[in-house]
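A note on names: the letters A, B, ... follow the listed sequences, proteins ahead of strands, and every chain is numbered from 1. Values reported hereafter were calculated over all heavy atoms of this structure, with side chains retained and with hydrogens, waters and symmetry mates removed.
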There are 2 protein chains.
Amino acid sequence: MTSSRIPEEIHDRCSHCIGREHSICRAIEDCDLAILASESSKMTVPNGRSFIEEGSPAHDFFVVTGGRVKIFTLLPDGRRQITGFAEGGDFLGLAASKSYAFGAEALGTAVLCRFPHASMQRLTDRFPNLEHRLRQEASRELTLMQARMTLLGRKTARERLATFLMERIKLLGPMCQGTPHQIELDLPMSRTDIADYLGLTIETVSRVLSAFKREGLIGIRGITHITIMQPERVSAIAEGLE
Amino acid sequence: MTSSRIPEEIHDRCSHCIGREHSICRAIEDCDLAILASESSKMTVPNGRSFIEEGSPAHDFFVVTGGRVKIFTLLPDGRRQITGFAEGGDFLGLAASKSYAFGAEALGTAVLCRFPHASMQRLTDRFPNLEHRLRQEASRELTLMQARMTLLGRKTARERLATFLMERIKLLGPMCQGTPHQIELDLPMSRTDIADYLGLTIETVSRVLSAFKREGLIGIRGITHITIMQPERVSAIAEGLE
DNA sequence: CCCCAGACTTGATCCAGGTCAAGGTGAGGT
DNA sequence: ACCTCACCTTGACCTGGATCAAGTCTGGGG
């Protein structure tokens, strides 16, 4: 009994994981989940703790299996650009060759699944389909980044905030997007994080959100809770149409 | 004789190609080059001609085998963000799922090698190593993009131009980087392109370059020909250190 | 050789967003 | 309940880069 206990647990770790449905792990068949589990390890990161240091040697890939994470790069004088937020199912670590091109830190308590490069190598050797999934993941990320570059290079502060809100709405999943009016949003990140994500200052973020509220586009209750009152108009602003 | 003539030519197309050394094609053995050639086709694009329409269905991948290409996204009102310049050996088309997330247009006469998705699928099925190369290519691109997002979100105009110049120097290859002083650069793109790449206006690009010249950092002869007089200081500016 | 069109530079002015400086506000501790 | 600290909002002012408006250079055609 004891001898079969541990593998059973390991198998369970993967089969119940959010990554099973949404992440690269779905490239692997149920019957092979034990192998997947044996090549990876679970990791809990407390709020605010950095777990990838920009420029440090890249040893691991990660899948976010719980909570949220922010990805960023720094300039020597401390200016920060958040290049993305990652959450359940997101894959981390593609933007690296010998060393990581970015830093990462938990936004709230985050749970991660860590895959050492050597493990991933063994997995891709054994499951060729996984390599294809990694490419898909990279493509998705590239597509997002292209849109973000346009945001950072060419959009006004209003357009950036509107785009950001629409992005958060899309993350809620397709079921919430058709909602006739009023969409409830929870922003888990601070104003500082939003500012560093959008290439603005915290004051500008605050002012633009207040302006949106004054114009009846959104409602703000508490700091994190936002109601989108007029999704259509917010969307139009995001695209630069008003 | 005739029956062997065509394969021979096809084989030659790939073996002499710049992509053979630098691009994804090096994932394929010499003896299989005929297969590679038979799945792809050469394509010449005249100056300024667009060959990928943003949002159009994505049917092909491309390798740039000659000349240069610019990649961009547009906002509905015509604002443009150039997200990258591609040249010899660069791979194009990863930032796409069903449709392209970007447009592309020749910068000068460009020569491309086109791989329909179905062909690429057959190639990756047959040469698993190729899928790995594609992921590497995507990783490289992601790394570059992360740096560009920091540039667009957080750097000043001077820092952007300095970063741009350093980027062009790195493209010359490692041999030119150790040069004690004075590096010759040719900028093949217009000021408008530089502006759209750096998230600035053409006037600001012009002014900053003039300022660099006035300060003795660079020399400008003709429009395209630039001499970097003080690479160290330009590099320092690029990193935000002065 | 000169003309012309398109691309670049330069100058004057403006304004979106940054900076600096007070206030609010709310979650956690006592 | 009240304090407190960290975070957020708001206001006043400033400035880097955009915008608007002339010039100027360059290279290709007649």
Side-chain angles (χ1 to χ4, degrees), chain A residues 46-48 70 75 77-82 107-109 151-164 185-215 218-226 237 240 242, chain B residues 47-48 70 75 77-82 107-108 151-164 185-215 218-226 237 240 242:
Chain A
N47 185 15
K70 50 193 177 195
L75 291 176
D77 63 0
R79 277 174 286 175
R80 185 177 70 155
Q81 176 66 45
I82 292 186
L107 179 56
T109 303
L151 177 141
L152 292 172
R154 289 300 182 216
K155 287 190 178 178
T156 65
R158 280 174 69 87
E159 289 162 1
R160 291 179 201 208
L161 261 305
T163 306
F164 174 69
L185 271 189
D186 248 302
L187 302 184
M189 65 290 286
S190 69
R191 298 289 188 260
T192 305
D193 286 342
I194 299 176
D196 284 348
Y197 181 58
L198 299 178
L200 299 170
T201 59
I202 177 177
E203 292 96 331
T204 300
V205 169
S206 195
R207 270 188 261 271
V208 170
L209 287 179
S210 297
F212 282 175
K213 181 180 177 185
R214 215 177 307 121
E215 297 166 29
I218 66 173
I220 306 180
R221 275 190 317 292
I223 287 166
T224 65
H225 198 126
I226 288 191
I237 294 173
E242 102 172 55
Chain B
N47 185 15
K70 48 193 179 196
L75 290 175
D77 63 1
R79 277 173 287 173
R80 184 177 70 153
Q81 177 66 45
I82 292 186
L107 178 57
L151 177 143
L152 292 171
R154 288 302 182 215
K155 286 190 179 179
T156 66
R158 281 174 69 86
E159 289 163 1
R160 291 179 201 206
L161 261 303
T163 306
F164 174 69
L185 271 187
D186 247 301
L187 302 182
M189 65 289 285
S190 69
R191 297 288 188 261
T192 304
D193 287 342
I194 299 176
D196 283 350
Y197 181 59
L198 299 178
L200 299 169
T201 59
I202 177 178
E203 292 96 330
T204 299
V205 170
S206 194
R207 270 189 260 271
V208 171
L209 286 180
S210 297
F212 282 174
K213 181 180 175 184
R214 214 176 310 120
E215 298 166 28
I218 66 172
I220 306 180
R221 274 191 317 292
I223 286 165
T224 66
H225 198 125
I226 288 190
I237 294 173
E242 101 172 58

### Query
Does B:Lys155 have any salt bridge (charged side-chain N to carboxylate O under 4.0 Å, His left out) partners at least two apart in sequence or in another chain, and if so, which?
none
### Flag, side chain of A:Arg191 to backbone of A:Glu203, donor-acceptor distance under 3.5 Å
no
### Message
Please list, in numerical order, the residues of residues 205-215 of chain B that have a heavy atom closer than 4.0 Å to any atom of DNA chain D.
### Response
B:Arg207
### Query
For A:Thr109, which residues count as a side chain to side chain contact (heavy atoms under 4.5 Å, CB included) partner, sequence neighbours excluded?
A:Thr44
### Query
For the helix from C:dC1-D:dG30 to C:dT30-D:dA1, how many degrees between its two end axes (five pairs per end), to the nearest 10°?
30°
### Opening and closing nucleotides of DNA chain C in contact with chain B, under 4.0 Å to non-hydrogen atoms
C:dC8 to C:dA12
### Task
Please list, by residue number, the residues of residues 153-163 of chain A whose heavy atoms come closer than 4.0 Å to an atom of DNA chain D; answer none if no residue qualifies.
none
### Task
Could I get the full list of side chain to side chain contact (heavy atoms under 4.5 Å, CB included) partners for A:Pro46, not counting sequence neighbours?
A:Arg49
### Query
Who passes side chain to side chain donor-acceptor pair (under 3.5 Å) against B:Arg154, sequence neighbours left out?
A:Asp196
### Query
Going through the checks in order, is the side chain to side chain contact (heavy atoms under 4.5 Å, CB included) test met by B:Arg80 and B:Thr192?
CA-CA 10 Å; B:Arg80 184 177 70 153; B:Thr192 304; 4.2 Å; yes
Side-chain polar contacts of residues 206-214 of chain A - donor-acceptor pairs under 3.5 angstrom, sequence neighbours left out - could you list them?
from	atom 1	to	atom 2	distance (Å)
A:Ser210	OG	A:Ser206	O	3.0

#### Entry: Residues in contact with DNA chain C, drawn from residues 193-204 of chain A - heavy-atom cutoff 4.0 Å
A:Gly199, A:Leu200, A:Thr201, A:Glu203, A:Thr204
### Message
Just to verify, what does B:Thr156 make a side chain to side chain contact (heavy atoms under 4.5 Å, CB included) with, not counting sequence neighbours?
### Response
A:Arg79, B:Arg158, B:Glu159
### Summary
Span of DNA chain D engaged by chain A, first through last nucleotide within the 4.0 Å heavy-atom cut-off, is D:dC8 to D:dA12
